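So you know, we letter chains A, B, ... as the sequences are listed, proteins then strands, and number each from 1. Everything numeric here is computed off the predicted structure, so don't read it as measured data.
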Amino acid sequence: MCHQTVSLVARHIEADGIPTVIMGCAKDIVEHCGVPRFLFSDFPLGNSAGRPFDKVSQAETLELALRVLESAPGPRTTAQSPQRWSEDASWKRDYNDLSTLTPGKIAERRKEFDVIKDVARARREGT
Amino acid sequence: MTATAPGANAAFAQEDDVPIPYMQRTRDYYLALGYDNPYRWASFTEVPFAPLGKPLGRSRVGLITTAAPYRPDAGEQGPGAPYNAAAKFYQVYSVATDEVPDLRISHVGYDRKHTSAADINTYLPLTCLREAVTAGRIGSLASRLHGAPTNRSHRATFVDAAELLRRCREDEVDAVVLVPS
């Protein structure tokens with residue numbers, strides 16, 4: 001939900017006249033929504049601002065976002081960071097990967113998610 | 001300036017080396033788990049656009065994050081912690097930017113297999129933004145950053161967006177950087 005959340009917020013802020021740029025890792029969600037400016041890093045979710053413990057990666061990621069902020073020609077501008085997470089892209093297969101889940105594992109995941117929903121609901125209603 | 005180009009001998013990328021289709025993966029995953037009400041992601045035909053009103057070097061920049069303040073009573077929230085719904089927040093919050101706050105991402109579905117959230121700078125570029133101010137790249141940083149609650153409800157997010165805009169106006173920012181966790 002994070003990428004959709006900031007996409008909706010960016011749209012609202014921009015519509016009021018303040019320019020925005022999103023730094024993120026979920027290209028489809030952000031572009032599907034439609035945002036003014038987006039710096040896409042093809043990294044695992046959680047690394048929107050650069051690689052862990054890599055100051056050069058982080059500084060370059062922010063610099064690219066600032067350049068997009070300055071130079072986007074119009075809405076729906078996406079620039080992709082040239083940085084790669086690793087040479088081997090097989091990590092991309094793993095997120096919500098169903099291919100390795102047995103029926104038993106799927107049932108277990110269902111139960112876990114039902115608990116998560118209950119906790120979130122209780123938290124939301126208590127807020 | 002010399003252009004860089006891979007040339008005619010560049011190797012093809014791996015066939016599945018494309019941006020991960022999160023909407024499709026999420027849809028398929030939850031259908032497999034037995035939830036037969038696929039989520040409808042927000043999508044619009046019109047997109048607003050406001051050009052920068054002044055050079056970045058004279059602009060005040062705001063920062064919005066989806067990371068959550070650490071709460072000692074909310075269970076495991078550290079690097080590598082499993083998904084923790086108890087750590088979610090449902091109200092916009094604001095914290096000062098003069099030092100790096102203790103914000104965590106255990107409440108979001110980041111890629112736990114390939115990253116651990118051990119380095120806050122991967123999801124909160126506050127230190128980099130402060131260095132950008134020191135370097136003159138941006139004029140100044142807003143005195144506070146803001147946290148955006150993540151919510152499946154579009155309606156709830158619109159309410160939060162209005163509050164975030166109000167706080168950005170109070171901060172008198174000229175531009176905003178938004179960083180989802």
Closest contact, heavy atoms only, H32(A) versus A42(B)
CD2-O, 3.3 Å
Smallest separation among heavy atoms of V9(A) and L178(B), with atom names:
CG1-CD2, 3.7 Å
Chain B interface, residue from [options] that has the most non-hydrogen pairs under 4.5 Å:
| options | value |
| --- | --- |
| E112(A), K117(A), H3(A) | H3(A) |
| K55(A), E63(A), E31(A) | E63(A) |
| L39(A), V30(A), D88(A) | D88(A) |

Main-chain N/O of P180(B) paired to S48(A) side chain as donor or acceptor, under 3.5 Å
yes
Main-chain N/O of F49(B) paired to R37(A) side chain as donor or acceptor, under 3.5 Å
no
Give the member of [options] that has the highest number of heavy-atom pairs under 4.5 Å with chain A.
| options | result |
| --- | --- |
| L164(B), D16(B), I105(B) | D16(B) |
| I138(B), L129(B), I64(B) | L129(B) |
| A148(B), C168(B), A118(B) | A118(B) |
| A32(B), S43(B), P51(B) | S43(B) |
| Y29(B), Y83(B), Y110(B) | Y29(B) |

Mind checking the OG1-CG spacing from T5(A) to D160(B)? Nearest 0.5 Å is all I need.
8.0 Å
What's the spacing between N47(A) CG and D111(B) CG if we round to 0.5 Å?
8.5 Å
Evaluate D28(A) against R25(B) for salt bridge (charged side-chain N to carboxylate O under 4.0 Å, His left out), listing each step before the verdict.
CA-CA 11 Å; D28(A) 62 329; R25(B) 290 263 182 105; over 6 Å; no
Between Q58(A) and D119(B), does any side-chain donor sit less than 3.5 Å from a side-chain acceptor?
yes
One pair to check against salt bridge (charged side-chain N to carboxylate O under 4.0 Å, His left out): K113(B) and D97(A). What are the steps and the verdict?
CA-CA 11 Å; K113(B) 182 160 183 184; D97(A) 178 25; over 6 Å; no
Is [X] close to chain B through its backbone or its side chain, or both, or neither, when contacts mean heavy atoms under 4.5 Å?
| X | result |
| --- | --- |
| A107(A) | neither |
| D42(A) | side chain |
| A26(A) | both |
| R93(A) | both |

The single option from N151(B), T157(B), T66(B), T150(B) passing side chain to side chain contact (heavy atoms under 4.5 Å, CB included) against M1(A)
T150(B)
Can you classify the ring geometry of F113(A) versus Y35(B) as parallel (below 30°), tilted (30 to 60°) or perpendicular (above 60°)?
perpendicular
